[in-house]
Number of protein chains: 2
Amino acid sequence: MEKQVNNFEDKLRDNSLKLTGPRQCILNYLACNRDKHLTADDIHRLLLQNDEKVGIATVYRTLALLEKLELINGIYLEDGCVRYQLMDTKEKHEHHHLICEKCNRIIDMQDDLLERLERQVNEKYGFCVKNHKVKLYGICKECGQMKD
Amino acid sequence: MEKQVNNFEDKLRDNSLKLTGPRQCILNYLACNRDKHLTADDIHRLLLQNDEKVGIATVYRTLALLEKLELINGIYLEDGCVRYQLMDTKEKHEHHHLICEKCNRIIDMQDDLLERLERQVNEKYGFCVKNHKVKLYGICKECGQMKD
DNA sequence: GTTAGTGCAAAGAATTTGCAAATAG
DNA sequence: CTATTTGCAAATTCTTTGCACTAAC
């Protein structure tokens, strides 16, 4: 978390952008909830709950900025709103998500098992893979165990 | 294509839904453009161009129906609108998409190389994979060859 | 002080909904 | 004939934008 915040300050400086209250706040919330997948609205609501008066427009603008600076990743599910999560600096690519079709939980998955696939894509399609977004849909352990 | 249309008629009958002009038309457009990735608006525009007077609401309702009947798949890109494509009845899962970050082309990829990954997910997370959505981002062959 | 960032309210885009009229079975 | 579907326009949802005001550097 420290690392990302420092990283953020550097990236802002490099682009002559300003380190403002709302920006610090929003990055902080994401850093404290790296396991969650928050929408702009979630973050806005969280801020208001903690008496941080930040407009929703600023939340959107900050999330767009953080995504451009490659500090967060957007996840696009089927419900029409984007969810964000802090990027793991150790990751080469984005990590994968398991989405339970019963409880709608989103489970993070760190394994990077797509290297072989990416190599084959390069050979067969001449396509040079830079990033990937993998979502696996199914039934999670807990839901699978319930005998409804 | 014949197969899908028949399949469609059966599925409608099974659910006491009606086979209407707009529904046939829309499925037909998708069947004739299985390699494309059309938005509701694309389809609506196509229909109007061919003097089929169908309201945009009907297009949305029909696409939702076709998706529920598992005849088409929705692809959720970063531009905020859903694109649809006829499902290939031969496929176990959805196929993958390569998205070029330069020309924004979407390339279909039939290989199903995720079986090993899915097996490991099942072992490690107890998660039973039913479907997947894989998008690989990068630079396509043509864009990679351009020396701009 | 200058430039970038913010909040607000209004605009925009994609999609959904309510309802009376139309149509398939 | 009856239940489903349609078209239209209005509503909704998520997101973006314009602009005067504020805050970083």
Side-chain angles (χ1 to χ4, degrees), chain A residues 5 8-29 37-48 50-69 71-84, chain B residues 5-6 8-29 37-48 50-69 71-84 104:
Chain A
V5 173
F8 180 42
E9 294 182 12
D10 292 345
K11 288 190 177 188
L12 289 178
R13 234 190 312 275
D14 292 351
N15 294 278
S16 46
L17 300 170
K18 292 172 180 175
L19 181 62
T20 66
R23 285 176 179 171
Q24 289 183 71
C25 251
I26 292 170
L27 183 63
N28 222 34
Y29 273 111
H37 308 82
L38 303 170
T39 64
D41 203 60
D42 290 337
I43 294 169
H44 187 231
R45 227 165 328 104
L46 267 168
L47 289 167
L48 294 186
N50 287 57
D51 281 317
E52 308 278 2
K53 290 189 205 324
V54 175
I56 185 75
T58 299
V59 176
Y60 278 105
R61 281 185 284 228
T62 302
L63 290 171
L65 176 68
L66 292 172
E67 193 171 33
K68 204 168 64 187
L69 298 180
L71 289 162
I72 62 174
N73 284 136
I75 312 167
Y76 299 76
L77 297 189
E78 281 62 21
D79 66 350
C81 60
V82 188
R83 281 149 206 289
Y84 290 95
Chain B
V5 173
N6 294 337
F8 181 41
E9 294 182 11
D10 292 345
K11 288 189 178 189
L12 288 178
R13 235 189 313 275
D14 293 350
N15 295 278
S16 47
L17 299 171
K18 292 174 177 172
L19 180 62
T20 66
R23 285 176 180 174
Q24 290 183 70
C25 249
I26 292 170
L27 183 64
N28 222 33
Y29 273 110
H37 308 82
L38 304 170
T39 64
D41 203 60
D42 290 337
I43 294 170
H44 188 229
R45 225 161 334 100
L46 267 167
L47 288 166
L48 294 186
N50 286 57
D51 282 317
E52 309 276 1
K53 291 190 205 325
V54 175
I56 186 77
T58 300
V59 176
Y60 278 105
R61 281 186 285 226
T62 303
L63 290 171
L65 176 69
L66 292 171
E67 193 170 33
K68 204 169 65 190
L69 298 180
L71 289 162
I72 61 174
N73 284 135
I75 311 166
Y76 299 76
L77 296 189
E78 282 63 19
D79 66 351
C81 59
V82 188
R83 281 148 207 290
Y84 291 95
N104 292 312

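Reminder, nothing fancy here: chain letters follow the sequence lines and each chain counts from 1.
At whole-Å resolution of the value, CG in B/L12 and C1' in D/dT5 are 12 Å apart. Atom-to-atom, CD of B/E78 to C1' of D/dT15 comes out at 15 Å; the value is rounded to the nearest Å. Put simply, CD on A/E9 is 13 Å from P on D/dA24, counting in whole angstrom units. We find that CG of B/D79 is positioned 13 Å from C1' of D/dT15, with the value rounded to whole Å. In this structure, the CG atom of A/L38 is 15 Å from the P atom of D/dC14, given to the nearest Å. The CZ atom of A/F8 sits 13 Å away from the P atom of D/dA24 (whole-angstrom rounding).
Of all nucleotides in DNA chain C having an atom under 4.0 Å from a heavy atom of chain B, the first and last in 5' to 3' order are C/dA14 to C/dG25.
Note that OG1 of B/T39 is 12.5 Å distant from NE2 of B/H37, once rounded to the nearest 0.5 Å. Within the model, atoms CG of A/L69 and CG of A/N15 stand 6.0 Å from one another, a figure rounded to the nearest 0.5 Å. Here the straight-line distance linking atom CD1 of A/I43 with atom OG1 of A/T58 works out to 12.5 Å at 0.5 Å rounding.
Residue contacts for A/S16: at a heavy-atom cut-off of 4.0 Å it reaches the sugar-phosphate backbone alone, with no base atom in range.
Remark: B/K11 does not engage B/D14 in a salt bridge, criterion side-chain N to carboxylate O under 4.0 Å. Ionic pairing of A/D42 and A/R45 is present here: one or more N-O contacts between side-chain nitrogen and carboxylate oxygen are shorter than 4.0 angstrom.
Near DNA chain C, defined here as any heavy-atom distance below 4.0 Å, the residues from residues 53-68 of chain B are B/A57, B/Y60, B/R61, listed numerically.
Judged by closest nucleotide on DNA chain C, A/K18 is the one of B/L19 and A/K18 placed further toward the 5' end.
None of B/L71, B/N28, B/L17 except one satisfies the side-chain contact (heavy atoms from CB on, under 4.5 Å) rule with B/F8; the exception is B/L71.
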**Request:** Could you check B/T62 against B/T20 for side-chain contact (heavy atoms from CB on, under 4.5 Å), going step by step and ending with a plain yes or no?
**Result:** CA-CA 10 Å; B/T62 303; B/T20 66; over 6 Å; no

**Worked check of side-chain contact (heavy atoms from CB on, under 4.5 Å) between A/C25 and A/V54** = CA-CA 9 Å; A/C25 251; A/V54 175; 5.6 Å; no

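The closest side-chain heavy-atom distance from B/Y84 to B/L66 is not below 4.5 Å.
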